[in-house]
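See below for the structure under consideration.
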There are 2 protein chains.
Amino acid sequence: MNALRLDDQVCFAVHAASRALDAVYRRELAALGLTYPQYLVMLVLWERGQVSVKDLGVALRLDSGTLSPLLKRLEAAGLVRRERDPGDERSVLVRLTPEGALLRERAEPLPRRIMEASGMGPEELADLHRTLGRLTRSLTESATRP
Amino acid sequence: MNALRLDDQVCFAVHAASRALDAVYRRELAALGLTYPQYLVMLVLWERGQVSVKDLGVALRLDSGTLSPLLKRLEAAGLVRRERDPGDERSVLVRLTPEGALLRERAEPLPRRIMEASGMGPEELADLHRTLGRLTRSLTESATRP
DNA sequence: GACAACTCGATTGTGCACAATTGAATTGAT
DNA sequence: ATCAATTCAATTGTGCACAATCGAGTTGTC
């Protein structure tokens with residue numbers, strides 16, 4: 001057995017799955033004018049209504065180098081507003097515009113469609129979800145404290 | 001239950017796991033001067049010695065827009081050579097330089113280290129590998145033929 | 001043998017991801 | 001009250017990913 005064989009590496013399987021998911025989302029999200037990472041930001045906003053860039057970064061595990069230009073594009077698209085937190089001028093609050101809030105309805109059918117495209121049952125998906133959660137946690141820890 | 005909740009979406013779990021893996025590889029590969037996608041290309045070359053850009057794209061599911069500049073960087077690093085296939089001038093063959101072939105030894109310990117960082121056992125990883133393979137296949141099919 | 005269809009790689013343009021740096025604002029220690 | 005350390009967002013630079021387009025080369029058909 002050759003440990004360096006591409007097809008034997010789980011890492012490549014994760015990588016490939018992630019890109020395949022991205023491709024499916026790309027198609028589904030085109031009508032909403034969103035990319036997949038933008039959709040992730042909208043998910044957080046639909047949940048909370050308002051978040052600081054900082055908290056957004058914690059939720060999505062992204063830094064400001066990624067979020068700043070992304071949020072600028074969402075603002076240009078009229079889905080989001082950004083303003084300094086009056087209580088702490090270092091912080092920037094992101095909140096939905098009415099159009100941004102409205103977009104939620106059109107996103108509602110998405111998760112089901114993706115689930116169908118996955119070809120997997122609910123319990124199998126839940127299992128995968130749990131496994132990946134553990135994997136991510138473990139990798140993140142080992143990255144911080146080698 | 002809210003289908004649009006970020007933490008309930010398997011897609012985000014895949015996305016997050018992929019980036020966490022990337023981060024771990026980034027650290028491990030820094031000493032070899034490789035990025036993770038470059039490492040994937042090297043895996044294929046260590047296996048086959050020589051590939052056309054086309055076949056590389058099939059193996060990694062990447063198009064020339066991604067591969068061309070990446071291969072150029074590998075060539076600049078002296079790990080790889082590119083030349084037209086004499087038998088079919090449309091095709092470009094990529095092959096290892098001696099330095100590129102030598103690098104394999106230094107990459108050998110990597111899979112084990114990543115496995116350890118994953119915190120998962122061999123059979124659990126194999127299971128995850130299979131599940132992700134099915135997921136990717138299913139998503140790719142649904143992308144081609146909706 | 002000529003020409004249309006196809007294959008292959010490269011290029012261009014957009015957007016994501018992350019490291020490193022900068023600068024403003026806040027907090028904490030003395 | 002002052003000054004050092006910290007927090008936060010933005011910017012810059014590098015690299016990956018993909019869509020769309022282009023041009024050179026090849027193959028198939030008549």
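Treat the numbers as computed from the prediction; the structure is a model and nothing was measured. In what follows, every chain begins at residue 1, and chains take the letters A, B, ... in the order their sequences are listed.
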Could you tell me the separation between the [atom1] atom of [X] and the [atom2] atom of [N], rounded to a whole number of Å?
X: His15(A); N: dC18(D); atom1: NE2; atom2: C1'; result: 13 Å
X: Leu21(B); N: dC18(C); atom1: CG; atom2: P; result: 12 Å
X: Leu93(A); N: dA10(D); atom1: CG; atom2: P; result: 11 Å
X: Glu83(A); N: dA10(D); atom1: CD; atom2: P; result: 13 Å
X: Tyr39(B); N: dG15(D); atom1: OH; atom2: C1'; result: 19 Å
X: Leu70(B); N: dG9(C); atom1: CG; atom2: P; result: 15 Å
X: Arg26(B); N: dA17(C); atom1: CZ; atom2: P; result: 12 Å
X: Glu75(A); N: dA10(D); atom1: CD; atom2: C1'; result: 14 Å

**Prompt:** Closest nucleotide of DNA chain D for Leu71(A) versus for Ala23(A): which of these residues is on the 5' side?
**Reply:**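 Comparing both residues, the 5'-ward one is Leu71(A).
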
**Asked** Which one, dT26(D), dG15(C), dT11(D), comes nearest to the side chain of Lys72(A)?
**Response**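 In terms of side-chain proximity for Lys72(A), the closest of dT26(D), dG15(C), dT11(D) is dT11(D).
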
**Request:** Report the nucleotide, chosen from dC18(D), dT26(C), dG9(C), that has the shortest atom-to-atom distance to any side-chain atom of Val92(B).
**Result:**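 When the side chain of Val92(B) is considered, dG9(C) is the closest of dC18(D), dT26(C), dG9(C).
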
**Request:** Look at the rings of Tyr36(B) and His15(A) and say which category their plane angle falls in: under 30° parallel, 30 to 60° tilted, over 60° perpendicular.
**Result:**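 If you compare the ring of Tyr36(B) with that of His15(A), the planes turn out perpendicular.
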
**Request:** If the plane angle is over 60° it's perpendicular, under 30° parallel, otherwise tilted; pick one for Trp46(B) and Tyr39(B).
**Result:**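 Perpendicular.
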
So, OP1 or OP2 of [N]: does either fall under 4.0 Å of a side-chain N or O from [X]?
X: Ser91(B); N: dG9(C); result: yes
X: Arg84(A); N: dT26(C); result: no
X: Arg19(A); N: dA17(C); result: no

Could you go over nucleotides 22-24 of chain C and give all protein N or O partners under 3.5 Å, atom names and distances?
none

**Asked** Heavy atoms under 4.0 Å, any strand shown: does Asp22(B) hit a base, just sugar-phosphate, or nothing?
**Response**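 Nothing, no nucleic acid heavy atom in range.
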
**Item:** Result of checking Leu40(A), Leu43(A), Leu110(A) against Gln9(B) for side chain to side chain contact (heavy atoms under 4.5 Å, CB included)
**Value:**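 Testing Gln9(B) for a side chain to side chain contact (heavy atoms under 4.5 Å, CB included) against Leu40(A), Leu43(A), Leu110(A) leaves exactly one candidate, Leu43(A).
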
**Asked** Quick one: does Met42(B)'s side chain get under 4.5 Å of Leu34(B)'s, heavy atoms only?
**Response**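 They are in side-chain contact.
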
**Asked** If only atom types and distance count, is the side chain of Asp127(A) paired as donor or acceptor with the main-chain N or O of Arg130(A) below 3.5 Å?
**Response**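 The answer is no, because no donor-acceptor pair under 3.5 Å joins these two groups.
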
**Arg113(B) CZ: over 12 foreign heavy atoms closer than 6.0 Å** =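 At most 12 heavy atoms, drawn from other residues, nucleotides or ligands, come within 6.0 Å of this atom.
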
**Message:** As an exercise, state the distance from CG of Leu132(B) to CZ of Arg137(B), rounded to the nearest 0.5 Å.
**Reply:**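 Result: 10.5 Å between the selected atoms.
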
**Straight-line distance of Arg19(B) CZ to Thr140(A) OG1, nearest 0.5 Å** =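 Answer rounded to 0.5 Å: 9.5 Å.
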
**Item:** Near-strand residues of residues 43-69 of chain B, defined as heavy-atom separation under 4.0 angstrom from DNA chain D
**Value:**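 Going residue by residue through residues 43-69 of chain B, the ones with a heavy atom under 4.0 Å of DNA chain D turn out to be Arg61(B), Leu62(B), Asp63(B), Gly65(B), Thr66(B).
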
**Prompt:** Any Lys/Arg nitrogen of Glu28(B) or Arg26(B) sitting under 4.0 Å from an Asp/Glu carboxylate oxygen of the other?
**Reply:**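 Not counted as a salt bridge, because no side-chain N and carboxylate O are separated by less than 4.0 Å.
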
**Shortest non-hydrogen contact between Val53(B) and Leu67(B), atoms and distance** =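 For Val53(B) versus Leu67(B), the nearest heavy atoms are O-CD1, 3.8 Å.
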
